[in-house]
Amino acid sequence: MKKTKHAVETKNLSISWGEVNVLNKLNFELNDGEKLAIVGPSGSGKSTILKILAGLLLPTRGELRIFGKKQTYLRLDQDNPPDVRLVFQNPALLGSLTIEENVGFLLKRNKNLTKEYIHEIVCECLAEVGLFNVENKLPNELSGGMQKRVSFARALITDETLHTNTKPLLLFDEPTAGLDPIASSRIEDLINKTNNKANGSSIVVSHVLSTIERTSDKVLMLYGGKFRWAGSIDEFKDSNDPYVFQFRNGKIDGPIQAKDV
Ligand code: ADP
Ligand code: MG
């Protein structure tokens with residue numbers, strides 16, 4: 001395996017559905033430990049990038065390396081998959097499983113771990129996100145906000161016996177979409193806490209300026225299948241680049257044109 005300091009490296013990464021090139025020859029690198037925000041209007045392909053990184057979709061063309069290892073199969077078809085954890089936009093918990101079963105799902109597959117050990121790790125992860133005594137409940141017995149916390153706890157869980165040398169790559173899809181500013185701040189704190197605890201790299205997809213600014217070191221702007229702008233979070237805050245300026249200020253006039261609204 002090639003030694004690398006890159007958590008992610010892409011070469012001409014592309015995906016098309018029919019005639020539409022949703023992602024068109026994207027090149028980017030994420031260094032180990034870096035925190036990236038991917039921004040862009042709805043339908044620009046942000047969730048698609050996360051699904052490719054999580055191994056839920058294969059690109060049509062181009063190359064993807066995660067922790068230096070070339071990715072050619074979907075994650076379920078890999079023998080020794082990289083440690084990539086996707087927090088979906090909705091909590092995506094399994095409704096018929098308890099909270100403990102949802103969070104401990106991955107550990108359960110490892111037959112060397114006892115029930116008591118899994119219970120202990122699950123409760124530690126739930127406590128990290130501020131949840132106590134919920135492990136025997138079903139998802140629909142919790143509020144939406146609590147379910148969201150459970151989905152963060154699930155991203156925190158680590159099977160120490162499998163991933164001894166690697167740090168995880170955490171992916172967050174629109175974690176604060178539709179939340180009020182205070183709830184958003186809480187989730188942003190939770191992202192930072194999850195990142196610190198997991199001690200890995202992260203990619204946050206978001207429209208929300210506070211989320212972008214509070215959780216990331218650098219920003220990539222996606223539009224029309226291409227990255228139009230890349231820079232640090234400070235550059236993003238006061239760049240006059242027409243794409244960034246329009247996005248940041250919610251202007252209708254500019255290079256970003258609405259497709260479906
Ligand atoms: P974003 O997350 O930026 O809003 P998405 O990644 O969800 O955008 O989608 C990007 C584009 O790809 C959209 O135009 C969407 O309609 C299209 N798309 C996404 N998934 C599929 C699919 N499975 N089949 C066909 N088109 C898709
Ligand atoms: Mg999306």
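If you're wondering where the values come from, they're calculated on a predicted model, not measured in any experiment. Counting convention: from 1, in listed order, for ligands and their atoms alike.
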Q.
Side chains of H6 and N31, heavy atoms from C-beta outward: is any pair under 4.5 Å?
A. yes

Q: Consider every N or O of S42 and every N or O of ligand 1, then say whether any pair is closer than 3.5 Å.
A: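 Looking only at distances, the answer is no, because the N/O contact criterion of under 3.5 Å is not met.
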
Q: Looking only at distances, please establish whether an N/O atom of ligand 1 is found under 3.5 Å from an N/O atom of G43.
A: yes

Q) Can we say K46 and D173 salt-bridge, meaning some charged N sits less than 4.0 Å from an Asp/Glu carboxylate O? A)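 Judged by the 4.0 Å cut-off on N to carboxylate O distance, K46 and D173 do not form a salt bridge.
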
Q: Could you tell me which atoms of ligand 1, counted from 1 in the order shown, lie closer than 4.0 angstrom to a heavy atom of V22?
A: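 That gives atoms 10 (C), 11 (C), 12 (O) of ligand 1.
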
(Q) If you count heavy atoms of other groups shown closer than 6.0 angstrom to NZ of K108, is the number above 12? (A) no

Q) From the Mg ion (ligand 2) out to just under 2.8 Å, does an N/O/S atom of S47 turn up? A)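 Under 2.8 Å: S47 contacts the Mg ion (ligand 2) through an N, O or S atom.
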
Q: Going by heavy-atom distance to atom 6 (O) of ligand 1, choose the closest among L57, I52, T48.
A: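 Selected option, by shortest heavy-atom distance: T48.
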
Q.
In terms of relative ring orientation, are W229 and F236 parallel, tilted or perpendicular, with 30° and 60° separating the classes?
A. tilted

Q | Proximity flag G40 to ligand 1, non-hydrogen atoms under 4.0 Å | A | no

Q: Output the distance between atom CG (N240) and atom CZ (R248), rounded to the nearest 0.5 Å.
A: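 One finds 7.0 Å between CG of N240 and CZ of R248.
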
